[in-house]
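Following: one structure in structure tokens, then a few remarks.
Note on naming: letters A, B, ... go to the chains in the order of the sequence lines (proteins, then strands), and numbering restarts at 1 for each one. Computed from a prediction, not measured in an experiment: that's the story for all the values here.
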Amino acid sequence: MRRTARAARFSRSSLQEFAEICRKCLHGIRESCKEGGALERDFTVATFRLPPFAASDAASLGQAFVQAAESVRQKVDLYLFPGLMALGLAPGLDLRSDAASQLADASLKDAYLAAGSYAARTIGAALVPGTVYLATPQGRVQQYAAVFDQQGNLVGEQLQTHRDELVTAVSDEVSPIAVDAGVKVGLLVGRDAWYPEVSRILSLQGADVLLAPLAPVMPYSAEEALCGLWQEVQQNQVFGVEAGLFGVLAERVYAGRAAILAPCEMTEDDAGFLPTPGYYVGTGGRSASLVVADLAAVRRDYPLMRHLNPGLYRKYLPSVYRRPR
Amino acid sequence: MNARELTLQFMLQMRSRPGRIARRLRRRGFRHHVRTPEVGVVRACAVQLEWHLCETADEFADLVYDQVRVAVGEGAELIAFPEDMASLLVGVMPGLGPMLRTLTVDEALHQIGDDVQVADLFRLLGRATRRIYETTFAQLARGYGVHIAAGSAVLPLKDDRVMNIGYLFAPDGRVFRQPKCHLLPLEEEWGLVPGEDLEVFDTGIGRVGLPVCMDATFFETFRILRQLGAEIVVLPMADPDYPYSPWKALRGVWPRVQESQVYAVQGALVGDVLGMHLSGHAGIYAPFALTERGDGRLAVSSAPHGDEIVVADLDVTALRRLREEHPLALNPTLYERYFPRVYSGFWRGGAR
């Protein structure tokens with residue numbers, strides 16, 4: 001009852017004001033966490049494989065996040081929800097054509113932020129409420145994700161940095177996000193999980209946990225999944241958390257799965273999955289502890305990053321990307 | 001150089017005479033397999049080879065000849081051998097062969113001298129190894145009219161540094177070389193140094209990159225090669241991770257092919273090598289869309305041990321079409337903003 005009453009206090013008119021407060025808060029946090037250490041304590045994460053929430057407003061979306069989070073029994077430091085969960089707020093959306101004009105209503109982002117903040121502070125844990133598509137004034141589409149701390153403060157946000165068939169406006173910025181003292185995460189939005197440059201930039205800046213809130217469209221490919229976040233976890237020796245949307249949304253069929261990933265050396269059967277091998281194909285959430293000592297042991301025994309070759313990279317990167325092909 | 005070393009070098013020179021190797025291979029003959037190549041398609045063959053010690057140049061030449069003959073019989077135009085092919089030749093050093101049959105390489109080196117390192121052995125053997133290795137593969141490439149990626153050889157350079165160098169021998173006599181740029185921890189212990197250049201070579205079968213084994217663990221290698229124009233990447237492998245793990249094997253060439261839209265041909269050295277156990281699959285890989293089952297694999301050996309040869313056709317025309325229809329959506333502005341900083345920071349020990 002208490003939560004329902006609190007959720008009901010959201011109103012459309014207050015959302016923009018709330019979003020502005022979030023942005024100011026974010027600016028301060030970002031300034032304070034530009035540099036710093038990597039994972040310094042054990043950290044428990046939960047991830048979800050879910051169909052889109054049937055939410056009518058920010059309040060009910062926030063409630064849906066809370067209910068899903070409460071289904072995870074372990075005490076969790078951070079919850080990651082699948083991509084596009086907030087799009088359920090835009091009924092009648094058809095992403096097959098002219099998506100930008102349908103997404104032009106700015107209240108979608110405000111509702112996404114309000115729901116995420118509400119869920120985080122209600123649960124008392126950091127939270128990524130999936131992603132949301134946004135339209136630019138130029139009529140192009142972006143994909144956006146936000147991170148909230150356990151008080152519901154917006155502590156980081158990330159736009160997709162590599163184009164795909166729908167996302168045509170991308171960001172040229174990517175930074176680790178401090179969700180708590182001693183814990184920095186990196187957000188891989190949409191197709192960014194398949195461009196290893198993003199993970200490398202994030203991990204070399206100290207993000208030891210990569211988060212990928214995904215919504216892959218049908219048909220599902222196990223091979224393609226293994227070429228995404230799973231690879232980034234292996235080649236950067238970090239943890240990874242992947243959440244997946246499945247079901248029908250905005251006239252598209254999604255086939256996401258969920259996983260908590262770690263370097264092969266610290267998992268059962270070398271498979272790279274926590275707590276049990278394989279992608280999660282049930283509905284709901286699963287959780288696992290990311291043990292900092294285990295990660296340190298892997299890095300000590302197999303010091304992969306020591307064998308990066310900066311002299312080689314300096315010679316070719318980034319100039320080779322501008323080379324005509 | 002003292003008298004003992006002079007004697008040793010003389011013996012090694014005698015054992016590695018190119019003329020003798022060439023004559024032996026010519027005597028065995030180069031019967032061409034008659035196959036009309038398809039335009040824009042390269043038939044590739046990857047060799048999986050169980051390591052064994054060769055104590056003479058003849059033994060090495062015969063072993064390589066047998067593999068090439070089988071591959072040519074399959075119509076191969078590109079034949080890819082494993083990493084560290086020249087390690088089979090450490091047995092040409094007088095007295096070392098019998099020792100290595102019962103001792104590890106470290107134990108054997110200790111018997112030679114207290115402060116002798118593996119890199120010293122490669123330096124000592126370098127000239128003889130190079131002559132046998134280069135003569136054998138060059139003769140076979142020319143004789144059969146095929147491109148042979150001869151795996152790699154650990155060799156001393158003129159400045160005395162020791163590198164693991166990938167080789168491609170063309171039928172017209174050209175030889176392409178690519179030093180390994182990312183070393184195994186073990187190679188670092190051995191005293192090898194990494195290369196700091198990557199090249200793409202224009203060959204009769206297309207634009208080819210020649211990184212070596214561990215180079216595929218780092219996405220940067222394939223990305224650079226792709227941006228330099230590579231269509232086919234030949235990757236010789238000798239993986240000391242034992243027992244074989246199919247999951248760990250997924251961290252190499254297979255994802256790199258998907259990230260960079262290239263073909264890859266991987267020869268694999270397996271078996272017991274100088275105190276190590278090697279395992280892995282020879283394989284030929286392609287972007288998902290260019291494989292029948294959509295799994296990125298054109299041909300993979302049946303087991304991670306034992307001798308085997310796998311063959312597949314690389315449709316370079318289809319690859320070019322795929323790249324046009326599904327171009328990579330790279331973001332150079334993002335990379336320009338961060339790469340100089342993150343790699344420099346790492347170099348200073350900033351990240352970990």
Whether Arg191(A) and Glu259(B) form a salt bridge (side-chain N of Lys/Arg under 4.0 Å from carboxylate O of Asp/Glu) is what I want to check.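 No salt bridge links Glu259(B) with Arg191(A).
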Within a strict 4.5 Å, meaning less than it, do heavy atoms of the [X] and [Y] side chains meet?
| X | Y | answer |
| --- | --- | --- |
| Gln258(B) | Glu224(A) | no |
| Arg314(A) | Glu196(B) | no |
| Thr333(B) | Arg322(A) | yes |
| Glu188(B) | Arg306(A) | yes |
| Met214(B) | Leu304(A) | yes |
| Arg200(A) | Val342(B) | no |
| Glu223(A) | Trp254(B) | yes |
| Arg223(B) | Tyr321(A) | yes |

Given heavy-atom pairs under 4.5 angstrom as the criterion, report whether the side chain, backbone, both or neither of [X] touches chain A.
| X | result |
| --- | --- |
| Phe339(B) | side chain |
| Phe288(B) | side chain |
| Arg323(B) | neither |

Contact summary for [X] and [Y], nearest pair of heavy atoms:
| X | Y | answer |
| --- | --- | --- |
| Cys227(A) | Pro255(B) | SG-CA, 4.0 Å |
| Asn331(B) | Thr161(A) | ND2-O, 2.8 Å |
| Asn309(A) | Cys181(B) | ND2-O, 2.9 Å |

Would the number of heavy atoms belonging to other residues, nucleotides or ligands and lying under 6.0 Å from CD of Glu165(A) be above 12?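 No.
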I'd like to know whether CD of Gln138(A) has more than 12 heavy-atom contacts from other residues, nucleotides or ligands below 6.0 angstrom.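 Counting other residues, nucleotides and ligands, CD of Gln138(A) exceeds 12 neighbours.
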Point-to-point distance, once rounded to the nearest 0.5 Å, from [atom1] of [X] to [atom2] of [Y]:
| X | Y | atom1 | atom2 | result |
| --- | --- | --- | --- | --- |
| Tyr316(A) | Asp197(B) | OH | CG | 4.0 Å |
| Leu312(A) | Glu220(B) | CG | CD | 8.5 Å |
| His162(A) | Leu328(B) | NE2 | CG | 9.5 Å |
| Leu184(B) | His307(A) | CG | NE2 | 7.5 Å |
| Leu334(B) | Ile201(A) | CG | CD1 | 4.5 Å |
| Tyr338(B) | Gln205(A) | OH | CD | 6.5 Å |

Salt bridge (Lys or Arg N to Asp or Glu O under 4.0 Å), that's the test. Do Arg251(B) and Glu265(A) meet it? Break it down for me. CA-CA 12 Å; Arg251(B) 307 192 290 195; Glu265(A) 287 78 3; 2.6 Å; yes
Verdict with supporting geometry, Tyr335(B) and Leu317(A), side chain to side chain contact (heavy atoms under 4.5 Å, CB included): CA-CA 8 Å; Tyr335(B) 316 145; Leu317(A) 303 176; over 6 Å; no
Quick check on the interface: out of Ser245(B), Pro246(B), Pro185(B), Gly294(B), who has the most heavy-atom pairs with chain A under 4.5 Å?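 Top option by heavy-atom pairs under 4.5 Å: Pro185(B).
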In terms of heavy-atom pairs under 4.5 Å with chain A, which of Ala329(B), Pro332(B), Gly296(B) leads?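 The option with the most such pairs is Ala329(B).
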Heavy-atom distances under 4.5 Å only: say whether Ser171(A) touches chain B with side chain, backbone, both or neither.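 When you check distances to chain B, only backbone atoms of Ser171(A) fall under 4.5 Å.
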Heavy-atom proximity to chain B below 4.5 Å, by part of Gln231(A):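 The side chain, not the backbone.
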In terms of relative ring orientation, are Phe273(A) and Trp247(B) parallel, tilted or perpendicular, with 30° and 60° separating the classes?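 Geometry flag for Trp247(B) against Phe273(A): perpendicular rings.
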Without swapping roles, check the side chain of Asp270(A) against the backbone of Lys248(B) for a donor-acceptor pair under 3.5 Å.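 Not at all, since once roles are kept as given, no pair shorter than 3.5 Å links the two residues.
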Step by step, work out the side chain to side chain contact (heavy atoms under 4.5 Å, CB included) result for Tyr313(A) and Phe218(B). CA-CA 11 Å; Tyr313(A) 311 150; Phe218(B) 301 85; 4.1 Å; yes
